[in-house]
Asker: 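Mind having a look at this structure? Questions to follow.
Sequential numbering from 1 along the given sequence is applied to the chain's residues. Remember, it's 1-based here, ligands and their atoms both numbered in the order they're listed.
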Amino acid sequence: MSAISLLQQLVAHAAKRVPAFCGMPVTAVYAGLRPASELKQYRIHCRPEHHYIAAGGIRSTGLTAALGIARHVFDLYRAAGNGEIVCHCESVTRREIERALQGALAAKDIGGLKRRTRAMMGRCQGFYCSAAVAAIADEHLAVALATGSTHDER
Ligand SMILES: Cc1cc2nc3c(=O)[nH]c(=O)nc-3n(C[C@H](O)[C@H](O)[C@H](O)COP(=O)(O)OP(=O)(O)OC[C@H]3O[C@@H](n4cnc5c(N)ncnc54)[C@H](O)[C@@H]3O)c2cc1C
């Protein structure tokens, strides 16, 4: 059934119950989808092994509860060991930076670290995060970001 014929049916039903509605123009039409699941409660869970947090089934009160849900999801995120966000412009976490500095293909200079993680590549171009990045990365870099010193000089 098309939306228009459904609307005509609704208008006809309304006019049957309240004859004064007959001939009145419909001023607005709304549609709302509730993101429901088969359970009543919110479906919020964390799967750290898949780097995945679900926040679904928030069929009602989701706007009112949005800040509380956000805080809860952030707590889940932190508890999953992702660590704090170091570069806020590019949403790069401490863990991502640490991971980029380890392993067989570890970043050895700040250019490599930037390309791998995008830390310091955002809007502020490192103005806010370079000190924090240096604190994490400098001992791994051939040339320290904070002092410009090499491994031998340190
Ligand atoms: C008419 C109405 C009135 C409401 N009034 C209130 C109120 O006054 N106060 C209140 O607290 N709550 C109210 N709610 C409930 C509130 O809107 C929801 O709880 C809240 O929007 C849920 O947020 P969400 O992000 O989980 O889901 P949604 O806001 O539904 O967001 C889900 C998003 O995912 C997208 N999406 C879906 N499937 C896919 C896909 N396969 N691929 C990509 N994207 C996809 C959708 O397009 C949508 O943008 C109302 C809901 C309705 C319908």
Asker: Protein heavy atoms near atom 40 (C) of ligand 1, is at least one of them under 4.0 angstrom away?
Answerer: no
Asker: Below 4.0 angstrom, counting only protein heavy atoms, does anything approach atom 53 (C) of ligand 1?
Answerer: yes
Asker: Transitively linked via ILVMFWY side-chain contacts under 4.5 Å: Ile136 with Val92?
Answerer: yes
Asker: For atom 46 (C) of ligand 1, decide whether some protein heavy-atom distance is shorter than 4.0 Å.
Answerer: no
Asker: Might you check, step by step, whether the distance between atom 25 (O) of ligand 1 and some protein heavy atom is under 4.0 Å?
Answerer: no
Asker: For ligand 1, is there an atom lying under 4.0 Å from some heavy atom of Gly56?
Answerer: no
Asker: Which of the atoms in ligand 1, numbered in the order shown and given with their element, are less than 4.0 Å from a heavy-atom of Thr61?
Answerer: 10 (C), 11 (O), 12 (N), 15 (C)
Asker: If we ignore hydrogens and angles and just use 3.5 Å, is the side chain of Thr93 paired with the main-chain N or O of Glu96 as donor and acceptor?
Answerer: yes
Asker: Considering residues at least two apart in sequence or located in another chain, which fulfil the side-chain contact (heavy atoms from CB on, under 4.5 Å) criterion with Ile58?
Answerer: Tyr42, Ala55, Ile69
Asker: Without hydrogens or angle criteria, can the side chains of Ser5 and Ser2 be said to hold a donor-acceptor pair below 3.5 Å?
Answerer: yes
Asker: For Arg59, counting its heavy atoms only, list the atoms of ligand 1 lying under 4.0 Å from any of them.
Answerer: 15 (C), 19 (O)
Asker: Where does Pro35 meet ligand 1, judged by heavy-atom distances below 4.0 Å: at the side chain, the backbone, both, or neither?
Answerer: side chain
Asker: Taking only heavy atoms of Thr64, which atoms of ligand 1 are found under 4.0 Å from at least one of them?
Answerer: 9 (N), 10 (C), 11 (O)
Asker: Using a distance threshold of 4.0 Å (strictly less than), state whether atom 22 (C) of ligand 1 has a protein heavy-atom neighbour.
Answerer: yes
Asker: Using a 6.0 Å cut-off, check whether atom CG of Leu39 has over 12 heavy atoms from anything other than its own residue.
Answerer: yes
Asker: If hydrophobic clusters are built from ILVMFWY residues whose side chains come within less than 4.5 Å, do Tyr128 and Met120 share one?
Answerer: no
Asker: Would you say atom 10 (C) of ligand 1 has a protein heavy atom nearer than 4.0 Å?
Answerer: yes
Asker: Counting distance only, does the side-chain N/O of Asp138 pair as donor-acceptor with the main-chain N or O of Ala146 below 3.5 Å?
Answerer: yes
Asker: What residue and atom, counting heavy atoms only, is the protein's closest point to atom 14 (N) of ligand 1, and at what distance?
Answerer: Arg34 NH1, 4.1 Å
Asker: Taking the minimum heavy-atom distance to atom 18 (C) of ligand 1, which of Leu63, Ile58, Leu33 ranks first?
Answerer: Ile58
Asker: Less than 4.0 Å between a side-chain N and a carboxylate O, is that true for Arg43 and Glu38?
Answerer: yes
